There are 2 protein chains.
Amino acid sequence: MNPKNKRASLKDVAQLAGTSTATASRAISGRGYIDEKTKLAVLAAARELNYQPNLQARNLRQQSSCLVGLIIPNLLNAYYTSLADSLSQLLYEKGYHLWLSSTRDDPQVEEGMLYDMLGYPVDGLIWVPTRSDDETLIKYIQDRQVPAVTLVRRVIKDMLDTIVFEDMAGSRVAVQHLLNLGHRRIAYIGGDTRHSSNHDRWLGFQQTLEAAGVEIQPDYIKLGSNWNTLGQVAATELLCMSAPPTAIFVASNALMPGVLKTLRQYHIRVPEDMSIICFDDLDWFSFSTPPITAITHDHTKLAHAAVDLLMNRINKADKYASPPLFMTIDFDLVLRQSTAPPKHLQGGTLPSLKDLR
Amino acid sequence: MNPKNKRASLKDVAQLAGTSTATASRAISGRGYIDEKTKLAVLAAARELNYQPNLQARNLRQQSSCLVGLIIPNLLNAYYTSLADSLSQLLYEKGYHLWLSSTRDDPQVEEGMLYDMLGYPVDGLIWVPTRSDDETLIKYIQDRQVPAVTLVRRVIKDMLDTIVFEDMAGSRVAVQHLLNLGHRRIAYIGGDTRHSSNHDRWLGFQQTLEAAGVEIQPDYIKLGSNWNTLGQVAATELLCMSAPPTAIFVASNALMPGVLKTLRQYHIRVPEDMSIICFDDLDWFSFSTPPITAITHDHTKLAHAAVDLLMNRINKADKYASPPLFMTIDFDLVLRQSTAPPKHLQGGTLPSLKDLR
DNA sequence: TTGAAAGCGCTAACAG
DNA sequence: CTGTTAGCGCTTTCAA
């Protein structure tokens, strides 16, 4: 065996097979002309030494890393989870591997990760941006000429390839559904509007109400950035109002646990006392009590589109020649049982917290 | 600018600063003696050229990759999701990055990933094995001298560092809880027992019933490997029996959706008609209707322990000198409202499907 | 304190 | 078809 039991290198294989490293390389990589006999000899030697090519060295030489970076806010949200799962599969099929990191919505971490990934360098980048307004950061990515696609949240001026859900349209449909049921006192709980996703949903909400001639009551609007606590805090505030809403539009699935917990705590019946609709769907929504009406998206579609866009750019000679593409993923409104006409239309009176306790 | 707009290399920087690459390297990496003045000159040149070290090249030279591989069955289960999220963070703090891949419980994919990762090579491996009985595969890992830790499922002979949940003990406690409530007709729905986790839970179930002198009825036992459909199929079969169980022990969170869906479909009331206890906890269990009693684990503990074990080995001179370690993560029984005494102890009669429809 | 030179492990151009 | 040579971009002796 080798000194120190070190991993065999191509040189060792070549030596044992009695060829040059070049020939050994040809035998193993299967490229270039080579005599069948010598090829077999090399392969035998390789097997004997338990040889496995060092991919890092190969990649350095070939100016690629076969790595695609994925930067997401976190993996505690099924939103990103299913994305990461699909991407891992799809990339593997294309011969790439997934370098994952989760920023916890911390711009510092995000910048560090971006820097490390581009420094490696990765062959491509898939990114759900936290800090999407920082032109310097995006310029940096462009300068590095790294094929990159931005997901879910748009970056400033859409400077990179982008795929988002139809946030505004989805939001409109959700709100219209509540309006159609007869709701006028509609609350909105949603995330940080600095992210385009939240911004557009919020906008869709406003526009739909305005178009319907319903005035937006500021107390009904709960915007925040801490998805851990926002749902619970906002719901509690809404319930404690003297004239609480009759319906809540929850603009992110991450907020639903808090909202539902609070509703239960106050013994609010859904949908009799309160209608609930959520912008994104989760598996347990369908067998929650009651099942939750939601706007759903096919997340694998997003993953497929992302990989397509990325491969498209990776395989292009001048990777940055064509202008950034912009795509959206469509949605469905899945009617379940968490929405119904408001109480006063059901024959009852307008509910207030006093009635409900 | 450079020809072809290529990324600046250390050589370019050195040239611009009027030093050798060696000196430039010292300036940038911050190691070795260097005059403050020349250091500044180099850094200035680097900034001007937008220089960023090529980490792949650096790593090749330093015989490391700063990459830790993570292989898991999939990311659709919160079990692994929270793990990946925590690991990404923890490793980042230690200066490592996460290379993730998801096998979908396909041994073929698993083997391919393992091969690629060790070939790169990664500096460490964290692995939830799918194929844990293949000694060749594990020998291969050992031969490569890669620090590796196995999670959740044990590999044959515990040949690698291992951290698992206390499957058997947790299972015992869950079953004992049902026995204490007075249940004797207890069903078990669980995953492929070729995985140690499922095997041990299954064993714990059997032992506890035996110790209590309760005979195990084969019809009540539903083992399978397809977590997508097993819950639903098994629950349906159980409900269609002439003498259905009064309680179900669901041995994996992934099966709960199917079980609950089925229960709802047949209008079975929980816990009045049927008690449910689950081996692993999910966030929505706490506000499901009714909230689900479960065995819970602190998944971040698992992540921390995994990183500790891994770093421990990575930093050891002779990485494989010490024998594999074996650790377990403890659990809690969280009593919620999905378990209650069986119907006949509540004053009713033994339920059968006819009564319930 | 600095530079020349070797080399991590591999591939690719060019001769032969 | 095969070997020689050069080099990917970096770090690290070793001399100076």
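Within every chain, numbering begins at 1; the chains are lettered A, B, ... in the order of the sequence lines, protein sequences first and strands thereafter. Nothing here was measured: the structure is a model prediction, and the numbers come from that model.
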>> In whole Å, I'd like the distance from the CZ atom of R58(B) to the P atom of dG9(C).
In response: 18 Å
> CG of L60(A) versus C1' of dT11(D): gap in Å, rounded?
Replying inline: 13 Å
> Would you say K6(B) reaches dG9(D)'s phosphate, i.e. side-chain N/O to OP1/OP2 under 4.0 Å?
Replying inline: yes
> R61(B) has an atom CZ; how far is it from atom P of dG9(C), in whole Å?
Replying inline: 10 Å
> Can you check the K11(A) NZ to dT5(D) C1' distance for me, whole Å?
Replying inline: 14 Å
>> When you compare the side chain of Y79(B) with that of V128(B), does any pair of heavy atoms fall below 4.5 Å?
In response: no
>> In this structure, how many angstroms lie between the P atom of dA15(C) and the OH atom of Y33(A), rounded?
In response: 17 Å
> Can you find a heavy atom in the side chain of S88(B) that is under 4.5 Å from one in the side chain of D85(B)?
Replying inline: no
> NA contact type, L10(A), heavy-atom cut-off 4.0 Å: base, sugar-phosphate, or nothing?
Replying inline: base
>> Can you see if the side chain of Y120(A) gets near the phosphate of dG9(D) - specifically, an N or O under 4.0 Å from OP1 or OP2?
In response: no
> Is S9(A) near enough to dG9(C) that one of its side-chain N or O atoms lies under 4.0 angstrom from OP1 or OP2?
Replying inline: no
> Is any side-chain nitrogen or oxygen of S25(B) closer than 4.0 Å to OP1 or OP2 of dT11(D)?
Replying inline: yes
> Please give, in whole Å, the distance from dT2(D) C1' to K37(A) NZ?
Replying inline: 16 Å
>> Using whole Å, what does the distance between atom C1' of nucleotide dT1(C) and atom NZ of K39(B) come to?
In response: 13 Å
>> Which is more 5' along DNA chain C, the nucleotide nearest I34(B) or the one nearest Q63(B)? Just name the residue.
In response: I34(B)
> Heavy-atom count around E111(B) CD within 6.0 Å, excluding the residue itself: above 12?
Replying inline: no
>> Below 30° counts as parallel, above 60° as perpendicular, anything between as tilted: where do the rings of Y120(A) and W99(A) land?
In response: perpendicular
> Does OP1 or OP2 of dT2(C) have a side-chain N or O of T38(B) closer than 4.0 Å?
Replying inline: yes
> Does T23(B) have a side-chain nitrogen or oxygen under 4.0 Å from the phosphate oxygens OP1 or OP2 of dG3(C)?
Replying inline: yes
> Counting only distance, no hydrogens or angles, is the base of dG3(D) paired donor-acceptor with the side chain of R26(A) under 3.5 Å?
Replying inline: yes
> What's the CG-P distance between N59(B) and dT11(D), to the nearest Å?
Replying inline: 10 Å
> Does T130(A) offer a backbone N or O that forms a donor-acceptor pair with the side chain of H195(A) under 3.5 Å?
Replying inline: yes
